[in-house]
A.B. asks: 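Quick one: this structure, given as structure tokens, is what I'll be asking you about.
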Amino acid sequence: MSLRNGEVSHWWQQVGIPQLPNPLGEDRSVDVVIVGGGFTGLWTAYYLAKADPSLRIAVLEQRHVGYGASGRNGGWLTNSITGGRAQYAARYSRELAEDFQLEMNRTVQEVIARCAVEGIDADILPGGEYEVAYTPAQERRLREHVATERTWKHTDLQLLDAVEAKNTIDVAGTRAATWHRHAARIHPAKLVAGLARVVRSLGVEIHENARATALAPGLVQTKHAKVRAQYVVRATEGFTAELPGLRRLWLPMNSSLIVTEPLGADFFDRVGWRRGEVLGDYAHVYMYAQRTADGRIAIGGRGVPYRFGSRTDLDGQTPQRTIEHLRTVMHRMFPGTAGVDIEHAWSGVLGVPRDWTATVGLDRRTGMAWAGGYVGTGVSTTNLAGRTLRDLILGRESELTRLPWVNHRVRRWEPEPLRWLATRSLYAAYSWADRSELAGRATTSPVAIAASRIAGRP
């Protein structure tokens, strides 16, 4: 069986990649223009249109809706706070950090509820998040993590010993695992396509094949036309670096996935993967996986993490060494997958701020708004961003606008070649640490600890 490489993603190949219309050719004026047709842009348009149907809203997308990370991710709808709660507690207050966690828990349920109300079939299965440790060092990190989580409210994290864990999902070599209920598996392209359908039905204009070349207060310039608006929302995530003046704002980090052929119910019964859990581990270069609705394993992780000059590869071509690495991880965790065909590999970019924390905000003086920097937690966080931008644009004070990520800003990334050297060195250090731990090292490598500190990574 030949392996498909790139072509946006397996998810979009299943759904069918939309045909691109002619580029936006006429200048226009609206109340709100949103640059980016992924989850952030579409959820923002959805909640604004629901709150005020009189608003004229336009979404501009460089290719088709969900072309970026929203249509390429691993399908984890989970409650993780990008960068963790501790940074927010240290900078603002522990109470606000606790409120943030509670709202992220609610956000998972909000996405599920909106899909039910709007008739979006996105293969959602709320099985919780299951993460496994299979080396002594991973187990130590897992237990330290559990101890820390138990000092916070709203986490609901359960510790599973080796026997309990293997009776949940039988990952080879399991020493311990964690599970919490605030997570669900989704099909990313089905969710983004369904959301776009609903947004259009609310009267929102969605202009695909309308690449923005410059953003300014009150104005977005595309390749062929200008769009004027009172509010300009930047929802460009990993492609932000392509906009003038923003190359160093967020680093475009690559993440890659492979998906197997259908494995059959017998395989999943043998390993116990029955409830729709999303699956991760405690490695430094961690993996993320799901059992798809049609019985495949989709498994992802960092491949070539960064391209010099913040370049992005548009159609998701994935290096063969990354494919082989992900295949090796899958075989190590599930030896029964030996000999299983890999049908598709692809990559996408996500946005990484310098402090690894997401942000949402509005400069009321200029009308410029933004959301992003999700570092891989965007499937759920984009929904919270959309509701928050609704309140900010409509001038509402709410529990959402008081959360500590609102209007949070950080310094920019270093110029080249420093950020290329730093990013490649960071992941080389993590890979080396993982190899040493797999070889038997009982504690976290000081190389990995130092790398995280230098990078400013929580």
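All values below were derived from every heavy atom in this structure, side-chain atoms included, with hydrogens, water molecules and symmetry-related copies excluded. Numbers here simply count residues along the sequence, with the first being 1.
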A.B. asks: Going by the side-chain hydrogen bond (donor to acceptor under 3.5 Å, both in side chains) test, which pairs reach into residues 349-361, not counting sequence neighbours?
C.D. replies: Arg91-Asp355, Arg354-Glu414, Asp355-Thr357, Asp355-His408, Thr357-His408, Thr359-Trp370
A.B. asks: What residues, two or more places apart in sequence or in another chain, satisfy salt bridge (charged side-chain N to carboxylate O under 4.0 Å, His left out) together with Arg387?
C.D. replies: Glu103
A.B. asks: Could you check whether Phe100 and Trp405 have their ring centres less than 6.0 Å apart?
C.D. replies: yes
A.B. asks: Between Glu277 (side chain only) and Gly128 (backbone N and O only), is there a donor and an acceptor less than 3.5 Å apart?
C.D. replies: no
A.B. asks: Taking C-beta and beyond as the side chain, do Val192 and Tyr67 meet within less than 4.5 Å on heavy atoms?
C.D. replies: no
A.B. asks: For Glu324, is the CD atom crowded, meaning more than 12 foreign heavy atoms sit under 6.0 Å from it?
C.D. replies: yes
A.B. asks: Roughly how far, to the nearest 0.5 Å, is CG of Leu77 from OG1 of Thr381?
C.D. replies: 9.5 Å
A.B. asks: I'd like to know whether Lys153 forms a salt bridge (charged side-chain N to carboxylate O under 4.0 Å, His left out) with Glu95, so could you lay out the CA-CA distance, the side-chain angles of the two residues, the decisive distance to 0.1 Å, and finally the verdict.
C.D. replies: CA-CA 10 Å; Lys153 299 177 183 176; Glu95 181 181 7; over 6 Å; no
A.B. asks: Are Arg274 and Phe268 in a cation-pi contact, defined as NZ or CZ under 6.0 Å from the six-membered ring centre and within 45° of the axis?
C.D. replies: no
A.B. asks: Within the structure provided, determine whether Val198 and Tyr46 are in side-chain contact (heavy-atom separation under 4.5 Å).
C.D. replies: yes
A.B. asks: Without hydrogens or angle criteria, can the side chains of Ser93 and Tyr88 be said to hold a donor-acceptor pair below 3.5 Å?
C.D. replies: no
A.B. asks: If you measure only the distance, is there a donor-acceptor pair under 3.5 Å linking the side chains of Thr213 and Gln221?
C.D. replies: no
A.B. asks: Per the side-chain hydrogen bond (donor to acceptor under 3.5 Å, both in side chains) rule, which among Ser256, Ser255, Ser9 passes with Ser347?
C.D. replies: Ser256
A.B. asks: Could you walk me through whether Ile169 and Val132 satisfy the side chain to side chain contact (heavy atoms under 4.5 Å, CB included) test, starting with their C-alpha distance in whole Å, then the side-chain angles of each, then the deciding distance to 0.1 Å, before giving a yes or no?
C.D. replies: CA-CA 9 Å; Ile169 301 178; Val132 64; over 6 Å; no
A.B. asks: Kindly indicate, with the supporting measurements, whether the criterion side-chain hydrogen bond (donor to acceptor under 3.5 Å, both in side chains) is fulfilled by Tyr286 and Asp434.
C.D. replies: CA-CA 9 Å; Tyr286 56 85; Asp434 282 333; over 6 Å; no
A.B. asks: Salt bridge or not for Arg200 and Glu208, using N-O below 4.0 Å?
C.D. replies: yes
A.B. asks: Could you tell me whether the side chain of Arg181 reaches within less than 4.5 Å of the side chain of Val108, counting heavy atoms only?
C.D. replies: no
A.B. asks: If you draw the axis of the six-membered ring of Trp250, does the NZ or CZ of Arg234 fall within 45° of it and under 6.0 Å from the ring centre?
C.D. replies: yes
A.B. asks: Can Arg141 and Glu131 be counted as an ion pair, charged N to O under 4.0 angstrom?
C.D. replies: no
A.B. asks: Taking the side chain as everything from C-beta on, heavy atoms only, tell me whether Ile206 gets closer than 4.5 Å to Glu61.
C.D. replies: no
A.B. asks: Could Glu343 and Arg296 be called an ion pair, given the rule that one side-chain N must be under 4.0 Å from one carboxylate O?
C.D. replies: yes
A.B. asks: Taking atom CD as the centre, does Gln320 end up with more than 12 heavy-atom neighbours from other residues, nucleotides or ligands that are less than 6.0 angstrom away?
C.D. replies: yes
A.B. asks: Should Arg211 and Glu242 count as an ion pair when the cut-off is N to O under 4.0 Å?
C.D. replies: yes
A.B. asks: Could you check whether any side-chain N or O of Thr318 sits under 3.5 Å from a backbone N or O of Gly316, counting only pairs where one atom can act as donor and the other as acceptor?
C.D. replies: yes
A.B. asks: Calculate, to the nearest 0.5 Å, the distance between atoms CG and CG belonging to Leu403 and Leu384 respectively.
C.D. replies: 6.0 Å
A.B. asks: Going by atom types only, do Tyr288 and Asp281 share a side-chain donor-acceptor pair under 3.5 Å?
C.D. replies: no
A.B. asks: When rounded to the nearest 0.5 angstrom, what is the spacing between OG1 in Thr337 and CD in Glu261?
C.D. replies: 10.5 Å
A.B. asks: Any side-chain heavy-atom pair from Pro319 and Thr322 closer than 4.5 angstrom?
C.D. replies: yes
A.B. asks: Between Glu205 and Arg28, is there a side-chain N and carboxylate O pair less than 4.0 Å apart?
C.D. replies: yes
A.B. asks: Would Phe334 and Trp273 count as a close aromatic pair, with their ring centres under 6.0 Å?
C.D. replies: yes
A.B. asks: May I ask you to check whether Glu129 and Asn79 show a side-chain donor-acceptor distance below 3.5 Å?
C.D. replies: no
A.B. asks: Assess Arg94 against Trp152: is NZ or CZ under 6.0 Å from the centre of the six-membered ring, and within 45 degrees of the ring's axis?
C.D. replies: yes
A.B. asks: Given Leu215 and Met368, is the side chain to side chain contact (heavy atoms under 4.5 Å, CB included) satisfied, shown in steps?
C.D. replies: CA-CA 9 Å; Leu215 279 62; Met368 299 289 287; 4.1 Å; yes
A.B. asks: Just so I know, are the side chains of Leu96 and Asp99 near enough to count as touching, which here means a heavy-atom distance under 4.5 Å?
C.D. replies: yes
A.B. asks: Residues two or more places apart in sequence or in another chain: which of them pass salt bridge (charged side-chain N to carboxylate O under 4.0 Å, His left out) with Arg85?
C.D. replies: Glu149
A.B. asks: Evaluate the side chain to side chain contact (heavy atoms under 4.5 Å, CB included) criterion for residues Val33 and Leu60: first the C-alpha distance (whole Å), next the side-chain angles of each, then the deciding distance (0.1 Å), finally the verdict.
C.D. replies: CA-CA 7 Å; Val33 59; Leu60 307 180; 3.8 Å; yes
A.B. asks: With sequence neighbours left out, what residues match Arg402 under salt bridge (charged side-chain N to carboxylate O under 4.0 Å, His left out)?
C.D. replies: none
A.B. asks: CZ of Arg390 to CG of Leu392: how many Å apart, nearest 0.5 Å?
C.D. replies: 10.0 Å
A.B. asks: Do Val233 and Val35 have side chains that approach each other closer than 4.5 Å (heavy atoms only, starting at C-beta)?
C.D. replies: no
A.B. asks: What about Trp346 and His344, are their ring centers closer than 6.0 Å?
C.D. replies: yes
A.B. asks: Given His182, which of Thr107, Thr155, Asp156 fulfils the side-chain hydrogen bond (donor to acceptor under 3.5 Å, both in side chains) condition?
C.D. replies: Asp156
A.B. asks: May I ask you to test the Leu48-Leu394 pair for a side-chain heavy-atom distance under 4.5 Å?
C.D. replies: yes
A.B. asks: Can any side-chain N or O of Thr377 pair as donor or acceptor with the backbone N or O of Tyr374 at less than 3.5 Å?
C.D. replies: yes
A.B. asks: Please list, chain by chain and in numerical order, all residues satisfying salt bridge (charged side-chain N to carboxylate O under 4.0 Å, His left out) with Asp123, sequence neighbours excluded.
C.D. replies: Lys190
A.B. asks: Could you name each residue pair satisfying salt bridge (Lys or Arg N to Asp or Glu O under 4.0 Å) that touches residues 3-21, not counting sequence neighbours?
C.D. replies: Arg4-Glu7
A.B. asks: Any side-chain donor paired with an acceptor under 3.5 Å for Asn105 and Gln109?
C.D. replies: no
A.B. asks: Any chance the side chains of Asp391 and Thr401 put a donor and an acceptor closer than 3.5 Å?
C.D. replies: no
